[in-house]
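Atom set for the values below is all heavy atoms of this structure, side chains included, hydrogens, waters and symmetry mates excluded. Given the structure is predicted, the values throughout are model-derived calculations rather than measurements.
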Amino acid sequence: MGPVRQPLRVGVLLPTREQAILGERGASSLLDFARRAEQLGFDSLWTGDSLTARPRLDPLVVLSAVGAVTRRVLLGTAAMTPALRHPLVAASMVSSLDQVSSGRLVLGVGSGFPVPETDEELAAVGASPAARAGSVDEVTALWRTAWSSTRPGAPTHFTGRHWQEEGLDRLICPAALDGPPLWLAAGADGARALERAARLYDGWLSSRTSAESYAGARRRLEDLCRRAGRRAGAVTPALYLTVTVGPDERGARVELDDYLEHCYGRALEQMSAMRACAWGPSEHCAQRLADYVRAGARHILLRIGSLRPETHLREIADVLVSTARQTDQEST
């Protein structure tokens with residue numbers, strides 16, 4: 001039997017980083033953005049995570065507020081860095097958010113963007129940059145043990161390389177006993193990341209720089225899932241794509257380059273070699289997005305590459321999202 005065809009979903013990143021860059025405070029503009037995105041038909045809302053490398057409001061706090069003013073959309077982290085929090089504190093916070101959002105949470109996790117600023121951030125909280133990937137897998141295993149610990153006969157302790165914890169059944173439970181879906185934000189998507197996603201996670205959040213590369217990695221992921229004995233469709237193939245729309249390609253490129261310089265201190269030329277990006281007229285960006293849909297992406301997370309992303313939200317919904325859905329229907 002072939003792979004299960006999951007429904008296509010398209011989400012958008014909340015502008016928490018943009019708010020911090022502009023020096024704005026409070027939650028009102030974020031909540032307005034969330035309400036409008038839901039009204040425009042987006043399927044999910046996401047937020048990133050960083051303390052000092054790329055500072056912004058805490059993702060779990062933001063998603064709690066967003067969950068209170070929305071009803072339908074999924075709420076996700078893209079991506080949460082487990083090493084920045086004690087795993088028991090994080091397990092309880094995630095469970096609390098999952099409960100108050102009525103089980104709408106999807107938890108994307110990763111080891112952080114591979115730049116010196118991330119290493120400094122991790123060192124500041126006593127985490128070892130050298131053990132980042134293994135630490136993510138261990139912490140998520142601890143979380144899953146905690147979340148399922150109230151099942152009859154389930155273990156209530158965890159013993160790992162970095163963490164040993166007892167009494168996990170005393171922690172608060174999430175909305176579902178197995179907890180929210182855990183997606184691996186795979187970054188460069190090397191062979192090791194694909195193997196981890198296939199074996200340990202519920203989703204694979206990639207930012208492959210071409211649809212052709214994405215399609216090849218997705219086929220490899222399906223093969224690895226079969227080898228791991230997992231059911232077809234057990235791992236959601238997802239895409240993180242930064243898009244900047246504008247009347248012409250040159251103007252959009254200038255805006256995206258400025259945006260990335262503010263976010264990462266790095267130019268578009270460097271970032272586009274590591275992360276999927278699209279810029280130019282909305283019809284052009286829509287076709288690039290459609291290529292990824294044809295390549296097998298089933299949940300697409302759009303980051304609007306602008307310090308004022310709300311000004312582009314309707315155009316992206318009307319052109320990019322509608323094109324993605326039409327492409328999906330034509331491929332059925």
Side-chain angles (χ1 to χ4, degrees), residues 10-18 20-21 46-50 53-54 56 78-79 108 110-119 184-191 193-194 204-218 237-297 299-309 311-313 315-316 319-321 323-324 327:
V10 184
V12 65
L13 194 75
L14 292 161
T16 56
R17 178 62 179 139
E18 294 81 349
I21 290 170
W46 302 78
T47 183
D49 183 23
S50 182
R54 288 163 300 282
R56 67 197 75 195
S111 53
F113 193 64
V115 293
E117 297 93 318
T118 301
D119 292 342
L184 179 65
D189 287 340
L194 283 171
W204 166 65
L205 181 57
S206 172
S207 191
R208 290 241 168 184
T209 57
S210 74
E212 294 79 12
S213 175
Y214 186 94
R218 182 192 56 78
L239 171 73
Y240 189 114
L241 176 66
T242 301
V243 295
T244 301
V245 296
D248 60 84
E249 182 176 347
R250 183 181 179 279
R253 182 185 179 96
V254 169
E255 182 174 16
L256 178 56
D257 187 65
D258 177 71
Y259 173 79
L260 294 172
E261 284 280 7
H262 276 92
C263 284
Y264 297 99
R266 289 162 177 82
L268 172 59
E269 183 176 2
Q270 181 180 0
M271 293 300 301
S272 62
M274 300 184 287
R275 292 290 185 266
C277 298
W279 61 90
S282 54
E283 294 79 8
H284 169 78
C285 294
Q287 288 309 308
R288 180 152 166 77
L289 180 58
D291 289 340
Y292 279 102
V293 174
R294 296 185 190 98
H299 200 136
I300 297 163
L301 193 175
L302 298 176
R303 176 174 65 171
I304 303 175
S306 169
L307 292 178
R308 291 295 182 188
T311 63
H312 302 292
L313 193 59
E315 183 178 5
I316 286 173
V319 181
L320 275 72
V321 176
T323 299
T327 302

Hey, what do you get for [atom1] ([X]) to [atom2] ([Y]), rounding to the nearest 0.5 Å?
X	Y	atom1	atom2	result
Glu255	Leu260	CD	CG	10.5 Å
Arg54	Ile21	CZ	CD1	10.5 Å
Leu313	Ser306	CG	OG	11.0 Å
Leu184	Leu194	CG	CG	9.0 Å
Glu269	Arg253	CD	CZ	7.0 Å
Asp119	Phe113	CG	CZ	12.0 Å

Closest approach of [X] and [Y], non-hydrogen atoms and distance?
X	Y	answer
Arg288	Cys277	NE-O, 2.8 Å
Ala297	Leu239	CB-CB, 4.2 Å
Pro116	Arg266	CD-NH2, 3.9 Å
Pro237	Gly296	CG-O, 3.4 Å

>> Given 3.5 Å as the limit, does a donor-acceptor pair link the side chain of Arg208 with the main chain of Ser206, or not?
In response: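 Side chain of Arg208 to backbone of Ser206, a donor-acceptor pair under 3.5 Å: no, none is there.
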
> Is a side-chain N or O of Thr209 found less than 3.5 angstrom from the main chain of Met274, in a donor-acceptor match?
Replying inline: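 Side chain of Thr209 to backbone of Met274, a donor-acceptor pair under 3.5 Å: no, none is there.
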
> Under a 4.0 Å N-O cut-off, is there an ion pair linking Asp291 with Arg294?
Replying inline: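 Counted as a salt bridge, because a side-chain N and a carboxylate O are separated by less than 4.0 Å.
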
>> Suppose we screen for ring pair (Phe, Tyr, Trp, His ring centres under 6.0 Å). Which residues come up paired with Tyr292, at least two apart in sequence or across chains?
In response: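 For Tyr292, the residues satisfying ring pair (Phe, Tyr, Trp, His ring centres under 6.0 Å) (neighbours in sequence not counted) are Tyr214.
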
>> Applying ring pair (Phe, Tyr, Trp, His ring centres under 6.0 Å), can you list everything that pairs with Trp46, at least two apart in sequence or on another chain?
In response: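 With sequence neighbours excluded, Trp46 shows a ring pair (Phe, Tyr, Trp, His ring centres under 6.0 Å) to Trp183, His299, given in chain and number order.
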
Please tabulate, one pair per line, all N/O donor-acceptor pairs under 3.5 Å involving side-chain atoms of residues 241-249, not counting sequence neighbours.
unit_1 : atom_1 : unit_2 : atom_2 : d
Thr242 : OG1    : Arg303 : NE     : 3.0
Thr242 : OG1    : Arg303 : NH2    : 3.0
Thr244 : OG1    : Gly305 : O      : 2.8
Asp248 : OD1    : Arg250 : N      : 3.2
Asp248 : OD1    : Gly251 : N      : 2.6

>> Among Leu302, Val319, Leu320, exactly one meets side chain to side chain contact (heavy atoms under 4.5 Å, CB included) together with Cys285. Which residue is that?
In response: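 Answer after filtering Leu302, Val319, Leu320: Leu320.
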
> So Thr327 and Thr323, side-chain contact (heavy atoms from CB on, under 4.5 Å) or not? Walk me through it.
Replying inline: CA-CA 6 Å; Thr327 302; Thr323 299; 4.1 Å; yes

> Would Tyr259 and Glu18 count as having a side-chain donor-acceptor pair, cut-off 3.5 Å?
Replying inline: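 The criterion, which ignores hydrogens and geometry beyond distance, is satisfied for Glu18 and Tyr259.
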
